[in-house]
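The structure under discussion appears below in the form of structure tokens.
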Amino acid sequence: MAEWFHACYVGLCQWSDTLRIKFINDFISDDRWRYLWNGLGVTLKVTLGALILGIILGFLVAMIRSAHDTTGKMKIGNAICRIYLTVIRGTPVVVQLLIIYFVVFASVNIDKSIVAIIAFGINSGAYVAEIVRSGIMSIDKGQMEAGRSLGFNYVQTMRFIILPQAVKNVIPALGNEFIVLLKETSISGYIALQDLTKGGDIIRGRTFDAFLPLIAVALIYLVLVMILSKLVTTLERRLRSSDH
Amino acid sequence: MITDQTLIQVEQLEKSFGSLHALQGIDLSIHKGDVLVIIGPSGSGKSTFLRCLNLLEMPTGGKILFEGEDITAPKANINLYRQKMGMVFQQFNLFPHMTILKNMTLAPIRLLKRSKEEAEEKAMALLKRVGLAERATAYPSQLSGGQKQRIAIVRALCMDPDVMLFDEPTSALDPEMVGEVLEVMRELALDGMTMAVVTHEMGFAREVGTRVVFMDEGRILEEAEPQRFFDAPQNQRTKDFLSKVL
Ligand SMILES: Nc1ncnc2c1ncn2[C@@H]1O[C@H](COP(=O)(O)OP(=O)(O)OP(=O)(O)O)[C@@H](O)[C@H]1O
Ligand SMILES: [Mg+2]
């Protein structure tokens, strides 16, 4: 029995020793942790930029689409929006990223993270648009009529009356979309942008150890997503407690 | 005939929903101080008519002159006209995400460029008049139906409208709350407000109305002062309708 324990102990020591050596080799030597740290910065920058672009695009498209649904105006605008939604939601985001980098910006010398922000922003906008539109459609049409009857124009009624209620209703769905967006930026490596995932992968290439760098990358994403989820739930609860 | 007392002049007004002709040529004028009561069976076009007056429904034919100007003209700024036509809906349509006070001051502040203090002062005065001053900071969901409708009325009044349109303002209320809303409307009429009211409250029509209009199948079949309308209706269909509801 004691021998068995001893064997286990020795095995464990050897294993933790190798792990320690690998850890030093993966993250400490040559300051390799910087690949993860800088990559995290790029990931956050791209996510945040794409988030803002996606929200702007999404609200714009949602407003145009619902204006067309309720008034029958904006026929051309609506047609353009529908093409945008069909194309973006009907093709893989990796392909969109590649097309924007290698086709649209082929002859332009531009920061790759800007390219990624544009690609992911355009992609996210399509999903935000449909989420926001469903929120707008969930609001009783009497609200629009009440706003218009007071003398507000369409955009003012949207801004003061419809959107505040609609956004409240779709906060969980929007939060979910932002989490998806964060994870989707992990394909930025396809245009050789050194985001968090690419950073982990570079370490793997240098040290020939896949385990630690990739687990570290996964953990960082997991923590980020958990923080985001927590934020969304808090926001949701706060909105609901002020719900009347 | 158009006189300077004419507030709204409706000429040959038509409205179709596809193949359904909801309004089939309405001629009517509303004068300053009128309390026009519109009655008629379900589906006769009463709501459609009222909603055409402030272009919540776009007429498919005819003209509406408001204070002498054709509001159906393509270049007319309907948003400006609507500021002068208050509307009260069957379902109240208060803004649920705002307090009562915010419901009432949003439009005056944004559209009439009143200061917050000025708008709130006016709103509080109106709230006091309808006995709801202490509910100023409540949200609509915290009010009863009768209270909601009284708020909806004073919200419209905050814009100092020249005319008030009511579409069955008491139809969604529990019976015991109908009285409090009709009372507010009666006081408004006594103050000289011009009103167009679609209602099934025949008592209100008789006491407060200055003119009663009977609509059926998108047409006006009879128009008279309340006394004559209720005591000596001329049209056979008016008689049938009244015999059912009185
Ligand atoms: N948006 C619409 N689309 C299609 N048809 C409509 C629309 N609004 C009203 N109608 C039709 O027009 C006709 C007149 O409707 P309206 O609501 O004006 O009647 P009403 O006199 O107000 O009836 P009620 O007493 O039931 O409120 C009805 O046949 C109705 O079905
Ligand atoms: Mg009706």
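Proteins get letters first, then strands, A, B, ... in listed order; numbering begins at 1 in each.
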Exceeds 12 heavy-atom contacts within 6.0 angstrom, atom OH of A/Tyr84
yes
Just wondering, are more than 12 heavy atoms of other shown residues or ligands nearer than 6.0 Å to CZ in A/Arg89?
yes
So which residue, B/Arg82, B/Lys84, B/Gln83, ends up with the most heavy-atom pairs under 4.5 Å with chain A?
B/Arg82
Between B/Leu55 and chain A, with a heavy-atom cut-off of 4.5 Å, which part of the residue counts as in contact: side chain, backbone, both or neither?
neither
Taking all heavy atoms of A/Gln156 and all of B/Leu111, pick out the closest pair and write down the distance.
OE1-CD2, 3.8 Å
Of the backbone (N, CA, C, O) and the side chain (C-beta and beyond), which part of B/Met98 lies under 4.5 Å from a heavy atom of chain A, both, or neither?
side chain
When rounded to the nearest 0.5 Å, the distance separating CZ of A/Phe160 from CD1 of B/Ile109 is 10.0 Å
Is atom CD of A/Glu236 surrounded by more than 12 heavy atoms (other residues, nucleotides or ligands) closer than 6.0 Å?
yes
Enclosure of A/Ile76 CD1 (heavy-atom neighbours >12, cutoff 6.0 Å):
no
Nearest heavy-atom contact between B/Ala156 and A/Leu150 is CA-CD2, 4.4 Å
When rounded to the nearest 0.5 angstrom, what distance separates CG in A/Leu163 from NE2 in B/His97?
9.5 Å
Tell me whether A/Met226 at atom CE has more than 12 heavy atoms from other residues, nucleotides or ligands lying less than 6.0 Å away.
no
Return the minimal non-hydrogen interatomic distance between A/Gln143 and B/Pro96, and the atom names on each side.
OE1-CD, 3.4 Å
Any non-hydrogen side-chain atom of B/Phe89 less than 4.5 Å from a side-chain atom of A/Ser149?
yes
Test log, rule side chain to side chain contact (heavy atoms under 4.5 Å, CB included), inputs A/Ile161 and B/Leu106:
CA-CA 10 Å; A/Ile161 296 158; B/Leu106 180 71; 4.2 Å; yes
Which pair of heavy atoms, one from A/Phe152 and one from B/Arg110, lies closest together, and at what distance?
CE2-CB, 3.7 Å
Heavy-atom pair of closest approach, residues B/Leu56 and A/Arg148
CD2-CB, 4.2 Å
What part of B/Met85 gets within 4.5 angstrom of chain A, counting heavy atoms only: side chain, backbone, both, or neither?
backbone
One option among B/Asn54, B/Leu94, B/Leu165, B/Val88 has the most heavy-atom pairs under 4.5 Å with chain A, and it is B/Leu94
What distance separates A/Glu145 CD from B/Met87 CE, expressed to the nearest 0.5 Å?
7.5 Å
If you look at every heavy atom in B/Arg155 and A/Ala146, which pair is closest and at what distance?
NH2-CB, 3.6 Å
